[in-house]
Amino acid sequence: MWNSFFYKNQNTGAEDNKKIQENLEEIVVPEHIAVIMDGNGRWAKKQGRPRTYGHYMGAERLKEIVRYADAAGVKIISAYAFSTENWKRPITEVNYIMKLLDKYLTNELDTFMQNNVQLRFMGDKKALPEHIISRMNNAELCTKDNTGIILNLAINYGGRSEIINAIKSMTTDITNGRLTVNEINEENFGKYLYTAELPPPDLLIRTGGDQRVSNFMLWQIAYAEMWYTKAYWPDFTKELFYEALRSFSLRDRRFGGLNNK
């Protein structure tokens with residue numbers, strides 16, 4: 001856990017931290033949180049800075065939120081870092097994001113190890129630069145036995161393409177006799193997704209003001225609770241994170257059935 005590190009490295013006072021920690025005892029903490037980290041570029045523009053600066057600050061914010069999520073008892077954070085559609089952005093911005101990812105996976109690896117964080121990735125690695133793929137594979141290998149919070153980064157990820165790729169893999173197994181048509185069901189289909197070993201998200205958080213899922217974990221979020229905020233991702237504080245957790249606790253999760261309370 002990063003409790004001591006987290007509470008020594010925040011801008012708010014000790015009383016605020018104590019209040020949040022006490023409030024966490026009153027809420028239900030989701031096991032798996034999916035996060036659409038939107039608004040980095042718009043945040044930077046408001047600061048009179050280039051969009052690349054927004055991505056840098058967004059990466060810093062992710063580290064802080066993972067620390068807080070770990071302290072709160074969240075088991076998995078799935079963060080939308082780079083989508084299949086993001087290749088359409090200016091080449092300078094794409095190159096910067098790749099350099100930032102390279103730096104993140106290099107400079108932060110020791111910190112992940114020291115704090116028992118397990119790194120995972122979902123998305124189509126084949127389209128990424130070879131040195132990025134190497135960094136990702138190394139990070140997964142180095143942290144695979146860590147038993148703390150899982151940080152699942154979506155890089156070159158698209159929900160529709162994930163489902164199509166799963167169908168292709170399942171069809172191949174049927175053709176080769178490893179699976180029968182009668183064995184096609186939700187449980188078996190889930191085994192062909194990037195998140196095969198993970199439970200589905202309980203809560204989806206989106207920053208930046210838009211209220212859509214933007215092709216993120218389309219299969220997995222079927223029954224996730226949604227929480228939106230107008231705050232841009234670099235402005236997403238631990239107080240806002242707590243508000244998302246509190247809102248989740250108040251939801252009546254029936255999964256299509258009836259609550260017998």
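Just so we're clear, the structure is a prediction, and the values are computed from it rather than from any experiment.
No donor-acceptor pair under 3.5 Å is formed between the side chain of N176 and the backbone N or O of R178. Side-chain atoms of W233 do not come within 3.5 Å of backbone N or O of G39 as any donor-acceptor pair. A donor-acceptor distance shorter than 3.5 angstrom exists from the side chain of D124 to the backbone of K126, with no hydrogens or angles considered. A distance-only check finds no donor-acceptor pair linking the side chain of Y192 to the backbone of I163 [under 3.5 Å]. No side-chain donor-acceptor contact under 3.5 Å links E93 to the backbone of P90. Between the side chain of T143 and the backbone N or O of N146 there is no donor-acceptor pair closer than 3.5 Å. Side chain of T172 to main chain of K168: a donor-acceptor pair is present (N/O by atom type, distance under 3.5 Å, no hydrogens or angles). In this structure, H32 contributes its side chain and P199 its backbone to a donor-acceptor pair below 3.5 Å. In this structure, the side chain of T229 engages the main chain of A231 through a donor-acceptor pair within 3.5 Å.
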Please assess R49 against M57 for the test side chain to side chain contact (heavy atoms under 4.5 Å, CB included), listing each intermediate value before the final yes or no. CA-CA 11 Å; R49 305 291 292 269; M57 292 304 295; over 6 Å; no

Using the side-chain hydrogen bond (donor to acceptor under 3.5 Å, both in side chains) rule, take T195 and Q220 through it: C-alpha gap first, then chi angles, then the decisive distance, then the call. CA-CA 8 Å; T195 54; Q220 296 91 333; 2.9 Å; yes

Walk me through it: do L62 and L153 pass the test side chain to side chain contact (heavy atoms under 4.5 Å, CB included)? CA-CA 11 Å; L62 177 60; L153 288 174; 3.9 Å; yes

Full working for side chain to side chain contact (heavy atoms under 4.5 Å, CB included) between L193 and N165: CA-CA 8 Å; L193 299 173; N165 289 337; over 6 Å; no

Check against side-chain hydrogen bond (donor to acceptor under 3.5 Å, both in side chains), T111 and Q114: CA-CA 5 Å; T111 302; Q114 293 165 9; 4.9 Å; no

Any chance you could lay out the salt bridge (charged side-chain N to carboxylate O under 4.0 Å, His left out) test for K191 and E197, step after step, and finish with the verdict? CA-CA 8 Å; K191 297 175 182 178; E197 299 176 0; over 6 Å; no

Side chain to side chain contact (heavy atoms under 4.5 Å, CB included) evaluation trace for I27 with F248: CA-CA 8 Å; I27 66 175; F248 174 80; over 6 Å; no

Let me see the working for N116 and T147 under side-chain hydrogen bond (donor to acceptor under 3.5 Å, both in side chains), right down to the final yes or no. CA-CA 6 Å; N116 201 27; T147 56; 2.9 Å; yes

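Note that the CZ atom of F121 and the CZ atom of F82 stand 14.5 Å from one another [nearest 0.5 Å]. Here the straight-line distance linking atom NZ of K238 with atom CZ of R61 works out to 9.5 Å at 0.5 Å rounding. Rounded to the nearest 0.5 Å, atoms CD1 (I155) and CG (L105) are 6.5 Å apart. To the nearest 0.5 Å, atoms OG (S134) and CG (L128) are separated by 12.0 Å. We find the CG-CD1 distance between L245 and I33 to be 5.0 Å, quoted to the nearest 0.5 Å. Atom CG of D173 is separated from atom CG of L179 by 6.0 Å, given to the nearest 0.5 angstrom.
Note on L203: it does not cluster hydrophobically with M226, by side-chain heavy-atom contacts below 4.5 Å among ILVMFWY residues. Linking Ile, Leu, Val, Met, Phe, Trp and Tyr residues whenever their side-chain heavy atoms come within less than 4.5 Å places M122 and I221 in a single cluster.
Here the options are R212, R206, K230, the test is salt bridge (Lys or Arg N to Asp or Glu O under 4.0 Å), and the partner is D38; only R206 passes.
Ring geometry for W43 versus Y53: interplanar angle under 30°, hence parallel rather than tilted (30 to 60°).
Taking 4.0 Å as the cut-off between side-chain N and carboxylate O, E31 and K75 do not count as a salt-bridged pair. In this structure, K63 pairs ionically with E108, as a charged nitrogen and a carboxylate oxygen lie closer than 4.0 Å. One finds no salt bridge joining E64 and R67 here, because no Lys/Arg side-chain nitrogen approaches an Asp/Glu carboxylate oxygen to under 4.0 Å. A salt bridge links K125 and E140; the closest N-O separation between the charged side-chain nitrogens and carboxylate oxygens is under 4.0 Å.
The environment of OH in Y104 is crowded: more than 12 heavy-atom neighbours from other residues, nucleotides or ligands sit within 6.0 Å.
Applying the side chain to side chain donor-acceptor pair (under 3.5 Å) test to pairs two or more places apart or on separate chains, those with a residue in residues 150-161 are S78-N152, W87-N156, Y157-E162.
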